[in-house]
Asks: 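Dumping the structure here so I can ask a few things about it.
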Amino acid sequence: MKWPAQRLTTGSKKSFGMYDEAVKLDAEGADLIHLEFGRPHADTPVHIKEAAKAALDAGIVHYGDFRGTLSFRQALVEKLRSFNGLDYGADEVLVTNGLTHASFAAFMAAIDPGDEVILLSPYYPQHVGKTELAGGKVVVAELDAANDFAISKENIAAKITDRTRMIVLINPANPTGRVYSRDELQQVADLAIAHDLLVLSDEVYEYITYGDARHVSIASLPGMRERTITCFAFTKAYSMDGWRIGYLTADARLMPAILRIAMTDVTHVNVFVQEGARAAVEGPQDAMHALVAADRRKRDIVVQALNQMPGVTCAEPEGTIYAFPDITGTGRTSHELAMAILKDAHVVVESGSFYGPGGEGHLRVCFGSESEARVKEAMDRLGRFFNAL
């Protein structure tokens with residue numbers, strides 16, 4: 001018999017990067033410090049868990065609205081207005097199983113076979129697979145490492161053809177830690193408007209910014225609301241990665257097609273989990289701010305330590321839970337170095353090449369995935385490793 005579908009054999013292979021390599025040593029009982037996971041270390045705040053428990057006890061266990069419960073979507077509408085400067089109605093919000101599901105639904109609703117999707121490199125690898133599953137073709141616009149991975153209108157414009165359908169944006173950016181300025185976002189907006197393109201904006205790190213960096217939703221720029229699909233999640237700032245809950249916003253004209261995809265693949269999101277997420281939005285934000293403050297402390301530890309290691313330089317991340325140090329001074333490729341660090345230092349970091357050719361010469365170090373004590377221990381191990389090279 002024919003198996004599997006051709007679309008699964010012709011696209012890019014799914015990979016979990018250095019996690020796949022680390023599993024082997026984990027099974028042998030090695031004391032690995034995992035700085036490759038893009039996940040928070042802390043527990044979910046108590047009031048969020050209590051709200052989900054109360055929903056279970058109250059019998060909120062049955063089918064709900066396909067789009068998400070109305071009370072939750074109304075809470076999200078208020079959050080979008082107050083934090084993101086976005087004016088959407090409740091029917092322009094779709095609750096999803098995490099941001100991964102939100103972006104998948106958007107790709108499947110928007111992309112026809114042969115359509116081109118522009119990714120900014122270094123890019124998030126999942127966006128490659130989703131584009132290809134929808135029948136689209138990935139086109140890469142390189143960001144300049146020497147210019148702090150700033151958005152370049154010229155580089156993106158050079159990749160636009162009559163087949164281009166969408167530009168994908170991650171802001172704050174994984175893996176580089178950039179928080180794009182309004183001026184940078186305006187360059188993307190100008191191109192999208194001039195060429196009548198969609199923008200998919202992944203904003204999972206919206207709350208995790210440091211210092212003077214400020215998150216701006218590109219949909220808030222003039223002319224962008226009607227052509228932007230913005231994806232959010234509770235994963236990072238509320239430490240809810242295992243809850244698998246997120247949402248997207250889009251103009252009313254775009255929502256029916258997106259909703260058709262979501263209804264077909266999941267029907268709707270777990271209803272009592274939505275009550276927990278509603279408590280995250282409507283409840284006290286102290287715990288979230290404390291989580292971000294802890295990330296900032298760990299960021300400072302990591303950046304200071306990396307910049308003292310031979311052959312390594314590290315710009316200060318403006319947001320996210322990642323440092324993206326330049327390791328070209330070592331003379332090693334990023335994959336070679338990540339493998340050597342795993343074997344010799346028992347620290348798991350991701351190779352920059354995992355995020356496309358534009359990430360070569362870098363490592364991605366997730367300071368959010370371990371406790372402060374373990375992050376310090378990881379830096380000690382890395383210091384010994386690089387000094388021995």
Side-chain angles (χ1 to χ4, degrees), residues 44-45 47-111 130 134 198 200-204 206-207 217 219 225-283 285 288:
T44 305
H47 72 283
I48 298 173
K49 294 195 286 186
E50 291 300 328
K53 293 176 188 177
L56 277 170
D57 290 340
I60 301 177
V61 296
H62 299 296
Y63 289 138
D65 192 306
F66 293 136
R67 296 161 294 184
T69 62
L70 179 59
S71 59
F72 183 32
R73 286 184 289 122
Q74 288 172 332
L76 292 172
V77 164
E78 179 53 37
K79 174 265 177 185
L80 289 163
R81 285 189 185 129
S82 61
F83 184 78
N84 303 93
L86 299 174
D87 186 14
Y88 286 99
D91 289 346
E92 295 174 305
V93 176
L94 173 65
V95 179
T96 62
N97 283 288
L99 193 146
T100 296
H101 176 226
S103 58
F104 177 78
F107 279 113
M108 294 301 291
I111 305 303
K130 293 173 194 174
L198 287 167
L200 176 69
S201 186
D202 174 337
E203 301 185 11
V204 68
E206 58 179 332
Y207 289 117
S217 291
R225 183 194 188 282
E226 58 267 35
R227 64 179 64 255
T228 302
I229 302 168
T230 312
C231 302
F232 304 92
F234 292 79
T235 303
K236 313 298 182 181
Y238 293 102
S239 203
M240 294 173 67
D241 47 306
W243 293 60
R244 305 314 305 141
I245 186 158
Y247 59 103
L248 65 77
T249 58
D251 186 85
R253 293 172 297 175
L254 305 180
M255 285 301 293
I258 299 171
L259 182 59
R260 183 176 178 183
I261 299 297
M263 289 171 60
T264 301
D265 66 0
V266 300
T267 307
H268 67 75
V269 172
N270 180 315
V271 288
F272 55 84
V273 164
Q274 292 182 61
E275 290 303 298
R278 182 160 71 93
V281 173
E282 295 183 331
Q285 301 299 302
M288 184 268 283

Asks: Could you go through I48 and F234, starting from their C-alpha distance and side-chain angles, then the distance that decides it, and tell me whether this counts as side chain to side chain contact (heavy atoms under 4.5 Å, CB included)?
Replies: CA-CA 11 Å; I48 298 173; F234 292 79; over 6 Å; no
Asks: Taking the cut-offs as 6.0 angstrom to the six-membered ring centre and 45 degrees off its axis, would you call R67 and F72 a cation-pi pair?
Replies: no
Asks: Please check: side-chain N/O of Q74 versus main-chain N/O of G89, any donor-acceptor pairing under 3.5 Å?
Replies: no
Asks: How far apart are the closest heavy atoms of V204 and A233, and which atoms are they?
Replies: CG2-CB, 3.8 Å
Asks: Can you find a pair of side-chain heavy atoms, one from T235 and one from R244, that are under 4.5 Å apart?
Replies: yes
Asks: For M288 versus A237, what's the shortest heavy-atom pair and its separation?
Replies: CG-O, 3.4 Å
Asks: List the steps and the verdict of side chain to side chain contact (heavy atoms under 4.5 Å, CB included) for L99 and E203.
Replies: CA-CA 9 Å; L99 193 146; E203 301 185 11; over 6 Å; no
Asks: Please report the closest heavy-atom contact between T44 and S239, naming both atoms and the distance.
Replies: OG1-O, 2.7 Å
Asks: Taking all non-hydrogen atoms of both residues, which atom of A277 and which atom of I245 are closest, and how far apart?
Replies: CB-CD1, 3.8 Å
Asks: Check for a donor-acceptor pair, side chain of T228 on one end and backbone N or O of R225 on the other, with a separation under 3.5 Å.
Replies: no
Asks: Got T100 and K130 here, is their nearest side-chain heavy-atom distance under 4.5 Å?
Replies: yes
Asks: Could you check whether any side-chain heavy atom of V61 comes within less than 4.5 Å of a side-chain heavy atom of V271, counting everything from C-beta outward?
Replies: no
Asks: Take K236 and Y207, measure what side chain to side chain contact (heavy atoms under 4.5 Å, CB included) needs, and give me the verdict at the end.
Replies: CA-CA 9 Å; K236 313 298 182 181; Y207 289 117; over 6 Å; no
Asks: Would you check if the side chain of E282 reaches a backbone N or O of A280 as a donor-acceptor pair within less than 3.5 Å?
Replies: no
Asks: Working to the nearest 0.5 angstrom, can you tell me the gap between L94 CG and L76 CG?
Replies: 10.5 Å
Asks: What pairs meet the salt bridge (Lys or Arg N to Asp or Glu O under 4.0 Å) rule with one or both residues in residues 252-272, with sequence neighbours excluded?
Replies: D251-R253
Asks: In Å, rounded to the nearest 0.5 Å, how long is the span from CG of L200 to CZ of F107?
Replies: 5.0 Å
Asks: Taking the six-membered ring of F232 as reference, does the NZ or CZ atom of K79 fall below 6.0 Å from its centre and within a 45° cone about the axis?
Replies: yes
Asks: How close do A252 and E92 get, counting heavy atoms only, and between which atoms?
Replies: N-OE2, 2.9 Å
Asks: So, for Y88 and R81, which heavy atoms are closest and what is the spacing to 0.1 Å?
Replies: O-NH2, 4.0 Å
Asks: Picking from Q274, R73, H268, what satisfies side chain to side chain contact (heavy atoms under 4.5 Å, CB included) with D65?
Replies: R73
Asks: Walk me through whether H47 and E50 qualify under side chain to side chain contact (heavy atoms under 4.5 Å, CB included).
Replies: CA-CA 5 Å; H47 72 283; E50 291 300 328; 5.5 Å; no
Asks: Tell me, do T230 and N84 make a side-chain contact under 4.5 Å, heavy atoms counted?
Replies: no
Asks: So, does T249 use its side chain to make a donor-acceptor pair with the main chain of V93 at under 3.5 Å?
Replies: no
Asks: Roughly how far, to the nearest 0.5 Å, is the CG atom of L248 from the CZ atom of F104?
Replies: 13.0 Å
Asks: Quick one: pull up CG in L198 and CD in E226 and give me the separation to the nearest 0.5 Å.
Replies: 10.5 Å
